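Here is the structure we will look at, set down as structure tokens.
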Amino acid sequence: TFFVFCFCLFVFFFQAEDGIRDRSPSRGLGDVYKRQGYHSMKRNLVVLLLFLFFIVVMSMRDFSIYEEEGGKISSEDFAEQAMLVYEKFLEGRIECDGIDIDFITTPKGEPDKRYDTQYAVFDCDGNGEAELHVQSARYYYIFQYKNGALQLYKNLSPYPHYYALKNGAFISHDFGAGPLSDEYRYYIFDTYGNETFSIGFTKYDKNFNGEYDEGDEYVFDNVEVTKDIWEKLTERFLYIDEDGIERIKNEIEWTDLTV
């Protein structure tokens, strides 16, 4: 490849210089001029290699190439193909691992009813390729377009409830009413859907008075803390809306699915 060629040329050139240095130095004026010309040529070669490297890197960034069964395609064509496949799934024309859109949207035993369902096309693993997120009242599936086909990336169903964040991470939330409790966990998944990082933060109505106060239990990353410290540590994940309800920050935008 181009990079291997440049590397070999670079190594050869500098090894040649080392060979010259091993010889007994000449004190002649002509030899000085030769060595000056040599160093000038070396600098020009380095500049040329850096320039060519920059051009190749920029072209790779602007015209990313993906391997598909039919050969190599550009990133733009890949994204178009992925969107066509995602649309077919949402329209009920294809399935993935035995899962179709009716399975996600239809309550069990109630074929005439439908869950409120949303979808989003969003890159949650940071590989530059957007996944299809489909979430109903019961299910949350994430699909990806890979090797020319729709594949299941992650099943986040049914409990706890997961929220996808704009930075590609997720927050799960499990709550209880008797006594009052809220358990959150922040996740990061890699391109294969494996968990690479997580941190938990919970609060529990320890005095059973139906509200959170200084007498309750607050835990962040397995360490018990005060209410004020817990709220400070979790303010990057949570906020209180105008109705006084605790919400997740930085959620992705969803689109309602009509089925």
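In this chain, residues are counted from 1 in sequence order. For clarity, every value in this text was computed on a predicted model and none was experimentally measured.
- A donor-acceptor pair under 3.5 Å is formed between the side chain of R114 and the backbone N or O of P111.
- Within the model, atoms CE of M83 and CZ of F78 stand 12.5 Å from one another, a figure rounded to the nearest 0.5 Å.
- Applying the salt bridge (Lys or Arg N to Asp or Glu O under 4.0 Å) test to pairs two or more places apart or on separate chains, those with a residue in residues 239-257 are K203-E246, D241-R247.
- Contact detail for A130 and V121: the closest heavy-atom pair is CB-CG1, 3.6 Å.
- No donor-acceptor distance shorter than 3.5 angstrom exists from the side chain of D182 to the backbone of F175, with no hydrogens or angles considered.
- Put simply, the side chain of D97 never gets that close to the backbone of I99: no donor and acceptor are under 3.5 Å apart.
- Between Y139 and Y115, the ring planes lie perpendicular to each other; the angle is over 60°, past the 30° to 60° tilted range.
- The CZ atom of F237 sits 6.0 Å away from the CD1 atom of I171 when rounded to the nearest 0.5 Å.
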Donor-acceptor contacts under 3.5 Å from residues 161-169 side chains, at least two apart:
unit_1, atom_1, unit_2, atom_2, d
N167, OD1, A169, N, 3.0
N167, ND2, Y186, OH, 3.0

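- Hydrophobic cluster of F208: the remaining members, joined at side-chain heavy-atom separations below 4.5 Å, are Y204, listed by chain and number.
- Looking at T117, its side chain never comes within 3.5 Å of a backbone N or O of L257 through a donor-acceptor pair.
- In the hydrophobic clustering of this structure, V134 does not group with F170; members are Ile, Leu, Val, Met, Phe, Trp, Tyr whose side-chain heavy atoms approach within less than 4.5 Å, directly or through other members.
- Note: L152 CG to K146 NZ = 12.0 Å, rounded to the nearest 0.5 Å.
- The shortest side-chain heavy-atom distance between L90 and L132 falls under the 4.5 Å cut-off.
- Closest approach of C96 and L150 over heavy atoms only: SG-O, 3.5 Å.
- When the options Y141, Y153, Y140, Y119 are evaluated for a side chain to side chain donor-acceptor pair (under 3.5 Å) with H133, the one that passes is Y140.
- Atom-to-atom distance recorded for Y86:OH and F143:CZ is 10.0 Å, nearest 0.5 angstrom.
- The hydrophobic cluster containing I142 does not contain I101, counting ILVMFWY residues as joined when their side-chain heavy atoms lie under 4.5 angstrom apart, directly or transitively.
- Residues T255 and Q118 form no side-chain contact, since every pair of their non-hydrogen atoms from C-beta on lies 4.5 Å or further apart.
- Across all their heavy atoms, D123 and G126 have their closest contact at OD1-N, 3.1 Å.
- Without hydrogens or angle criteria, D100 side chain to G92 main chain gives no donor-acceptor distance under 3.5 Å.
- Contact record, K206 with G215: CB-O, 3.8 Å, taken as the closest heavy-atom pair.
- Under the 4.5 Å side-chain heavy-atom criterion for Ile, Leu, Val, Met, Phe, Trp and Tyr, I248 and F122 are members of distinct hydrophobic clusters.
- Taking Y239 as the reference, nothing meets the ring pair (Phe, Tyr, Trp, His ring centres under 6.0 Å) condition, with sequence neighbours excluded.
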Just list the side-chain donor-acceptor pairs under 3.5 Å for residues 190-202, sequence neighbours left out, or say none.
unit_1, atom_1, unit_2, atom_2, d
D190, OD1, Y192, N, 2.9
D190, OD1, G193, N, 3.0
D190, OD1, N194, N, 2.8
T191, OG1, D125, OD2, 3.2
E195, OE2, S198, OG, 2.9
T196, OG1, I188, O, 3.1
S198, OG, R185, NH1, 3.1

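- Defined by atom type and a distance below 3.5 Å, a donor-acceptor pair is missing between the side-chain atoms of E129 and Y145.
- Across all their heavy atoms, N127 and E131 have their closest contact at OD1-OE2, 3.8 Å.
- Rounding to the nearest 0.5 Å gives a distance of 7.5 Å between CD1 of I94 and CZ of F89.
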Give every donor-acceptor pair under 3.5 Å between a side-chain atom in residues 219-229 and any protein atom, sequence neighbours left out.
unit_1, atom_1, unit_2, atom_2, d
T226, OG1, I229, N, 3.3
K227, NZ, E231, OE2, 2.7

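- The structure places CG of L156 at 9.5 Å from OG of S172, a figure rounded to the nearest 0.5 Å.
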